[in-house]
Number of protein chains: 2
Amino acid sequence: MTEATQNKRLRAARSELLEEAEIGTVRNETLIQQRRQQICDAAVELFLEKGFAATTIRDICARSKVNQASIYDYVANKNDILRRVLNQLWFREDVPTLPEILLDRELPLEDAIARYFRESWRLKRKASLLAYRTIPHLPPEDRRAMRLREIAVMKDLADQLQGRLGLEDEDKRLEIVANVLVFLSAFAPMRDWLNRDIPDETLVRTLAAGATAMIRASVEGPMPGPAAEPAPEVATGPDTARHA
Amino acid sequence: MTEATQNKRLRAARSELLEEAEIGTVRNETLIQQRRQQICDAAVELFLEKGFAATTIRDICARSKVNQASIYDYVANKNDILRRVLNQLWFREDVPTLPEILLDRELPLEDAIARYFRESWRLKRKASLLAYRTIPHLPPEDRRAMRLREIAVMKDLADQLQGRLGLEDEDKRLEIVANVLVFLSAFAPMRDWLNRDIPDETLVRTLAAGATAMIRASVEGPMPGPAAEPAPEVATGPDTARHA
DNA sequence: CGGCCATCCTGACAAATGTCCGGTTTGAAC
DNA sequence: GTTCAAACCGGACATTTGTCAGGATGGCCG
């Protein structure tokens with residue numbers, strides 16, 4: 001791990017959390033933290049079970065054992081709960097991103113990827129599901145924050161891969177591959193209703209091997225260009241319009 | 001394309017649609033079809049924009065220009081609309097599945113995959129997004145129908161790949177790879193808020209090349225077994241509990 | 001014991017929602 | 001022009017929702 005690489009500031013490290021509201025009434029700071037934790041814990045479970053919009057404040061109160069009126073002493077409103085939950089789970093810093101793992105140049109690519117998948121699936125299961133499902137319920141500025149974070153991670157990853165593969169020039173295809181890798185880190189949570197009888201570690205190693213091959217293969221040969229394909233049938237993106 | 005292969009009944013072909021309700025009042029069958037189409041078209045747009053739970057019947061009526069009372073002459077209720085929409089988009093039969101494409105043994109693997117991605121992204125954008133997002137809102141029996149369909153496609157795909165790769169025995173890893181391929185067919189729709197400046201065909205060819213390499217790499221070497229990794233932190237699956 | 005203040009919670013409000021009753025309009029057949 | 005069923009729709013229902021005002025409660029200090 002050369003000094004230059006190690007010291008390289010990762011763009012993603014600068015990404016910001018979603019803004020949380022301030023509340024006025026309750027004073028005891030530790031109590032606030034505790035109640036908020038109760039609320040968020042219950043909320044995550046419910047959001048995953050029923051979806052954000054179908055979860056009511058009453059549901060959250062019942063499960064978190066916080067009174068229906070009191071809850072507004074600890075969170076500003078329903079959307080504030082979602083923001084806090086995402087800050088805790090999606091933006092958590094104890095789960096390394098792949099570009100961070102790749103800073104260790106001693107670690108072979110495949111092992112790095114395996115570690116990335118393993119940790120993501122172990123610690124960010126809920127976060128991945130939640131993020132992909134609740135994005136439409138976020139106000140535009142919050143969506144933007146999440147998108148910026150994702151883009152930063154992807155760019156970092158593309159940089160790291162470029163170094164690993166010993167490529168001189170930027171290659172657009174590396175961004176595609178980076179995107180896929182991040183996408184695959186949500187694979188197990190999003191699809192764990194299938195393949196249930198396969199041990200997690202088999203999944204990790206198989207996918208890491210496959211992903212490594214994919215990376216290497218992706219930058220071989222000439223860059224494929226757009227062909228004479230007709231335009232897409234639909235224009236609707238998940239949250240931001242693609243062809244706006 | 002040998003006769004045996006060509007005639008092989010694909011499991012997925014037998015999968016069933018979600019059950020649609022019967023309504024009594026209106027008689028004119030073509031009118032019913034037309035109104036239902038208006039309703040479903042509006043509903044898809046709205047479900048993608050705001051999510052199922054956040055979309056109101058009034059929204060759908062406004063956009064489809066069907067009266068709030070009349071809508072119940074054409075669909076049974078809000079959930080019936082979702083079922084009809086999914087039947088139209090998710091279970092549509094004019095978009096080939098990868099196992100179907102692979103029946104043509106003349107077509108090289110990479111080209112088959114490229115075609116699969118291209119067609120899926122062109123024609124099933126909305127369907128992929130909708131399916132991944134609305135599953136929590138479906139009643140258990142409908143979730144089950146969708147899961148069965150997915151599993152059938154995956155098994156078919158694993159079979160086809162086994163043949164292509166000239167493998168004798170079943171390999172669990174082929175199921176993982178099959179799962180990933182299906183997952184990747186939702187890649188562009190689910191993540192098209194990123195990588196927007198990359199032409200679709202570049203995306204298709206790059207990912208097809210990568211996926212092909214992934215398939216080949218996945219079944220090389222010994223089957224990786226479970227290692228001494230700690231258990232997952234969380235147990236919550238997307239819709240059906242993983243460790244119930 | 002009594003006062004005081006942080007915390008909790010009963011009960012309510014207005015707004016929104018899924019659903020549909022029962023009347024009104026339409027248009028084709030005679 | 002009359003008739004009559006088919007299709008439409010204004011307006012309302014019971015319920016649920018997010019939110020909160022204002023009183024009840026409880027524990028600490030004197």
Side-chain angles (χ1 to χ4, degrees), chain A residues 20-44 46-47 49-85 134 136-139 142, chain B residues 20-40 42-47 49-85 134 136-139 142:
Chain A
E20 300 177 350
E22 298 280 345
I23 327 280
T25 46
V26 177
R27 295 298 162 83
N28 182 338
E29 190 61 32
T30 48
L31 181 63
I32 292 183
Q33 298 301 343
Q34 182 197 323
R35 288 279 181 275
R36 280 191 183 149
Q37 202 52 54
Q38 290 174 245
I39 293 166
C40 287
D41 289 347
V44 178
L46 287 162
F47 291 165
E49 284 170 25
K50 317 172 34 168
F52 174 76
T55 299
T56 70
I57 293 280
R58 283 165 175 81
D59 291 332
I60 298 174
C61 291
R63 191 165 303 192
S64 66
K65 306 272 191 272
V66 171
N67 182 272
Q68 236 182 92
S70 301
I71 199 170
Y72 288 94
D73 292 337
Y74 301 102
V75 295
N77 50 48
K78 204 180 156 189
N79 262 283
D80 190 41
I81 299 179
L82 178 54
R83 268 192 293 267
R84 288 171 190 279
V85 161
T134 57
H137 301 291
L138 292 174
D142 289 342
Chain B
E20 301 177 348
E22 298 281 344
I23 326 279
T25 46
V26 177
R27 293 301 163 83
N28 183 336
E29 191 61 31
T30 49
L31 180 63
I32 293 183
Q33 298 301 344
Q34 180 197 323
R35 289 279 180 276
R36 281 193 182 145
Q37 202 52 53
Q38 289 175 246
I39 294 166
C40 286
V44 178
E45 290 178 24
L46 287 162
F47 291 165
E49 284 170 24
K50 318 173 31 165
F52 174 75
T55 300
T56 71
I57 293 281
R58 284 166 175 81
D59 291 332
I60 298 174
C61 291
R63 192 166 301 192
S64 67
K65 306 271 192 271
V66 171
N67 182 273
Q68 233 180 95
S70 301
I71 199 172
Y72 288 94
D73 293 337
Y74 301 103
V75 294
N77 51 48
K78 204 180 156 190
N79 261 284
D80 190 40
I81 299 178
L82 178 55
R83 268 193 292 268
R84 288 171 190 280
V85 161
T134 57
H137 301 290
L138 292 173
D142 289 342

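Worth knowing before you read on, the calculation uses all heavy atoms, side chains too, and leaves out hydrogens, waters and symmetry mates.
- Contact check of residues 59-69 of chain A against DNA chain D (heavy atom, cut-off under 4.0 Å) returns A:Q68, A:A69.
- Distance B:N79 CG to C:dT19 C1': 14 Å, rounded to the nearest Å.
- Distance alone, capped at 3.5 Å, places no donor-acceptor pair between the A:R58 side chain and the A:Q68 backbone.
- Contact detail for A:N67 and A:C61: the closest heavy-atom pair is O-SG, 3.9 Å.
- Between A:F52 and A:H137, the ring-plane angle classifies as tilted under the 30° and 60° cut-offs.
- Looking at the side chain of A:T56, the nearest of the listed nucleotides C:dT17, C:dT7, D:dG18 is D:dG18.
- The CZ-C1' distance, from B:R36 to D:dA7, rounds to 15 Å in whole Å.
- B:K50 has a carboxylate O that lies under 4.0 Å from a charged side-chain N of B:D59, or vice versa, which qualifies the two as a salt bridge.
- Distances shorter than 4.0 Å separate none of the side-chain N or O atoms of B:R35 from OP1 or OP2 on D:dA7.
- The side-chain heavy atoms of B:D80 and B:Y72, taken from C-beta on, include no pair separated by under 4.5 Å.
- Counting non-hydrogen atoms under 4.0 angstrom, B:S70 reaches a base of the nucleic acid.
- Minimum atom distance to the side chain of B:I57 is reached by C:dT19, of the listed C:dT19, C:dT17, D:dC8.
- We find that CG of B:N28 is positioned 13 Å from C1' of D:dA5, with the value rounded to whole Å.
- The separation between A:I71 atom CD1 and D:dA21 atom P is 16 Å, rounded to whole Å.
- Put simply, A:Y72 has a side-chain N or O that comes within less than 4.0 Å of OP1 or OP2 on D:dT19.
- In this structure, A:D73 atom CG and D:dA24 atom C1' are separated by 15 Å, rounded to whole Å.
- A side-chain donor from one of A:E29 and A:Q33 sits under 3.5 Å from a side-chain acceptor of the other.
- Taken from CZ in B:R35 to CD1 in B:I71, the straight-line distance is 11.0 Å, to the nearest 0.5 Å.
- Following rounding to the nearest Å, A:E29 (CD) and C:dA6 (C1') show an atom-to-atom distance of 14 Å.
- The nucleotide whose nearest atom lies closest to any side-chain atom of B:R58 is, among C:dC8, C:dT17, D:dC20, C:dT17.
- Taking atom CD of B:Q34 as the reference point, atom P of D:dA7 lies 12 Å away to the nearest angstrom.
- The distance between atom CG of A:L82 and atom P of D:dG18, rounded to the nearest whole Å, is 13 Å.
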